[in-house]
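The figures here come from the full heavy-atom set of this structure, side chains too, leaving out hydrogens, waters and symmetry mates.
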Amino acid sequence: MQRFRWSLCLALVFGVPLVAAAQAPAPGARRPNIVILLADDMGFSDIGMFGGEISTPNMDALALDGVRFTNFYTHATCSPTRSMLLSGADAHVNGLGNMNEWTAPNQAGVPGYEGYLNARVVTLPQLLRDAGYHTYMVGKWHMGKEPDQIPAARGFERDFSLLDGAGSYWNMWNFTAASPRSTYTEDGKYLTKLPDGYYATQTYTDKLIGYIDANHADGKPFFAYVSHQAPHDPYQLPRDWRNRNVGRYDVGWDAVREARLRRQVELGIMPAGTQLAERMWFLPDPNQLAPASSEVIGRKMELYAGMVENMDYHIGRLVQHLKDIGEYDNTIFIVFGDNGAEGSDLFDTIVGTPGTKNYLFAAMHWSQTDQKAWGDPGSYVAYGAGWAQVSMTPFGQYKGWLGEGGIRNGLIVSGPVVKLARGGIGTGLMFVADVMPTLLEVAGAAYPHTGAAGDPPPLIGKSWVGYLAGQAASPRTPQDYLAWELFGNRAVLQGDWKILWEYKPFGTGEWELYNLAADPSERHNLAAEQPERVKAMTALWDQYVLANNVILPSRSPWEGLVKTMPERLPVEVGFPPLLYEKQFVPPKDMMADPKK
């Protein structure tokens, strides 16, 4: 009875039915293939058709053949997003209420915080496989390593998967002394070594093409989850992809952000009048950097751009192959990044201080620090907060935080399910948990009954099928809401309004209020002006906590930041004038040599 109340509460909170009905395809209709192209830590504005200067012709082509969506939300980090994508359940229910790497003491052992995709949920590949689909996965899993947690145990017929959250692109070296080797599976077996000639992005694509070809003759549709490791750091890539943007980013992050926003407005991605989020207060003005420093910092962004371009190339290989075998026109593509771009220094956090085991491990296996070796095996390059904010133009913040820069991502959907004008832009409110009910409806697959003890939790998402067909302005009504919690930070979004609570100094340690329609960059906190709206939205937060057993962590990766980071002060262009005042040059006719 208690479980039933919980399910009923969740259904009422999110406005979903307790039993998800499947819409069967028309008699004789050929069901579409489905390809999810998930990029790891790729930002909102990195793709060309979302304003980026990075060369992404293949993702751009999918955008022009389908529709771009600018109001799509994920979670703030990798595994919570992936868990909702494949289960349709909130992360606090499906086992990833916190990342396994950061489970707090008061969350340990609590259902919903297992650190892996738990057995309470049924997965999208399981249901699609039961409905007659081939199910394939390549790339990063990050939702459990035990035999009953790996992709083969959760519905994938074929897989080649990195089980860890990140790793080398060239070999099996991981990042810590306690866990020195990354773990991979292929078709349910743990690998003792990687294939000859392994490079992550290429090998994932090769494997998937092989899986598709192996079963193509039987005529069954396939579901392919292409969970790219790229462009997650470390930025490692073949030499011929490293120097395609030399010097492009020496102008610094401010200039690149400004250029991206201009293109976004021209493309219709952002409305005219959109302001850039304030540059993060702890970042220098790039115009004040010495040329050598600008070159080094710019080089990191050059490598990141190369990672995105290389991934796009291999996406193009897959798309072309589907065209060659006659499957492209009957394939739905869903393309997005799993969270905001990465602005934190993960490697520095892991390595720690001299004298520790991890520091010694890094010195032995990640020691290629010379700039000429960046991209090679054993090198670790990440681009930092300045370029992460560029990737998330025009928003503030980045991965791990619940500002728009941490959870809002560009989305592309193309294929036979899309009836909207090709190349268009949609602004309906969409969420990563929507993918499962959408694809179940497309495939004519049913979600199990919910409500009784032992049943899976209700789906919290909304199907996009009617929206993609032009039958609605959005999958959601103005009364529907989304909510998040991660690392103790929390947010609620309803209509144009968002409340946000974050640790200092990124947040205020109190609820903030933003009108995202007028202020997508979250520059103007309206909490003091509209306390009643804050009160009403915090009531929604309380509902969300109750429905999903949200437990605020007793420890957080963000604890203590206010003491270790510079004091947060406003960033205003040209202040202080002392730093920007140029050499005074008197009028020439008033110049004279000193008198004797």
Side-chain angles (χ1 to χ4, degrees), residues 40-41 77-78 98-105 115 142 145 162-183 229 231-237 242 280-284 289-290 292-304 307 341-388 398-401 487 503-506 553-568:
D40 199 350
D41 294 355
T77 59
C78 319
N98 200 342
M99 296 183 73
N100 178 60
E101 297 87 344
W102 291 102
T103 303
H142 202 192
K145 296 182 180 180
L162 167 66
L163 301 187
D164 299 89
S168 172
Y169 286 75
W170 297 108
N171 52 49
M172 297 183 84
W173 285 120
N174 205 344
F175 305 130
T176 68
S179 180
R181 286 168 61 87
S182 297
T183 306
Q229 188 176 339
H232 195 297
D233 52 27
Y235 304 152
Q236 297 180 331
L237 65 168
R242 298 179 195 175
M280 306 297 285
W281 74 97
F282 53 86
L283 294 171
L289 296 176
S293 297
S294 296
E295 183 179 341
V296 171
I297 291 172
R299 179 59 177 162
K300 295 180 178 181
M301 182 63 189
E302 292 170 18
L303 291 175
Y304 175 83
M307 296 289 291
E342 178 62 274
S344 301
D345 192 332
L346 175 64
F347 193 59
D348 185 64
T349 300
I350 294 172
V351 169
T353 57
T356 63
K357 291 181 180 179
N358 283 346
Y359 195 89
L360 176 61
F361 182 84
M364 295 172 62
H365 300 290
W366 294 93
S367 59
Q368 300 301 312
T369 57
D370 187 283
Q371 188 173 333
K372 294 180 181 179
W374 286 0
D376 286 349
S379 66
Y380 197 112
V381 179
Y383 65 0
W387 294 120
Y398 41 74
K399 177 182 177 180
W401 297 91
F487 306 144
Y503 281 95
K504 295 179 179 180
F506 280 72
S554 57
R555 301 293 304 275
S556 170
W558 312 134
E559 62 190 20
L561 276 184
V562 72
K563 295 181 179 179
T564 60
M565 296 189 73
E567 181 181 1
R568 183 169 181 176

From CA spacing to verdict: side chain to side chain contact (heavy atoms under 4.5 Å, CB included), His142, Met99:
CA-CA 9 Å; His142 202 192; Met99 296 183 73; 3.6 Å; yes
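- Exactly one residue among Tyr235, Phe361, Phe347 makes a ring-ring contact (aromatic ring centres under 6.0 Å, His included) with Tyr380. That residue is Phe347.
- Under a 3.5 Å cut-off, the side chain of Trp366 and the backbone N or O of Asn174 do form a donor-acceptor pair.
- A distance-only check finds a donor-acceptor pair linking the side chain of Gln236 to the backbone of Tyr169 [under 3.5 Å].
- In terms of modelled atom types and a separation under 3.5 Å, the side chain of Thr356 and the main chain of Thr353 share a donor-acceptor contact.
- Ring geometry for Phe506 against Phe282 counts as tilted: the plane angle lies between 30° and 60°, on a 0 to 90° scale.
- In terms of heavy atoms, Ala341 sits closest to Tyr383 at CB-OH, 3.2 Å.
- In terms of heavy-atom proximity, Pro377 sits nearest to Asn171 at CB-ND2, 3.9 Å.
- Across all non-hydrogen atoms, the minimal contact from Ala388 to Glu342 is CB-O, 3.6 Å.
- Listed for the Trp387 side chain is a donor-acceptor partner under 3.5 Å among the backbone atoms of Ile297.
- The backbone N or O of Ser182 lies less than 3.5 Å from no partner atom in the side chain of Asp164, so there is not a single donor-acceptor pair.
- Between the Thr349 side chain and the Asp345 main chain, a donor and an acceptor come within less than 3.5 Å of each other.
- The main-chain N or O of Pro566 is found under 3.5 Å from a side-chain atom of Trp281 such that the two form a donor-acceptor pair.
- Using modelled atom types, one side-chain atom of Trp170 and one backbone atom of Gly375 make a donor-acceptor pair closer than 3.5 Å.
- Distance check: Ser344 OG to Trp558 CH2 gives 4.0 Å after rounding to the nearest 0.5 Å.
- The nearest pair of heavy atoms linking Gly115 to Asn100 is O-CB, 3.5 Å.
- Trp173 places no side-chain N or O within 3.5 Å of a backbone atom of Pro180 that could act as its donor or acceptor partner.
- Met307 places none of its side-chain heavy atoms less than 4.5 Å from the side chain of Val381.
- Using a 4.0 Å cut-off between a side-chain N of Lys or Arg and a carboxylate O of Asp or Glu, Asp233 and Lys300 do not qualify as a salt bridge.
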Assess whether side chain to side chain contact (heavy atoms under 4.5 Å, CB included) is satisfied between Thr77 and Lys399, documenting all intermediate values.
CA-CA 6 Å; Thr77 59; Lys399 177 182 177 180; 4.2 Å; yes
Under the side chain to side chain contact (heavy atoms under 4.5 Å, CB included) rule, what do Cys78 and Asp41 come out as? Steps first, then yes or no, please.
CA-CA 8 Å; Cys78 319; Asp41 294 355; 4.3 Å; yes
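- Ring planes of Phe487 and Trp102: perpendicular class, angle over 60° (limits at 30 and 60°).
- Under the 4.5 Å side-chain criterion, counting only non-hydrogen atoms from C-beta, Asp376 is in contact with Arg242.
- The two residues Trp374 and Thr369 have their closest heavy-atom pair at NE1-O, 3.2 Å.
- Across every non-hydrogen atom of Ala104 and Ser554, the tightest pair is CB-N, 3.7 Å.
- At least one side-chain heavy atom of Phe175 sits less than 4.5 Å from a side-chain heavy atom of Pro234.
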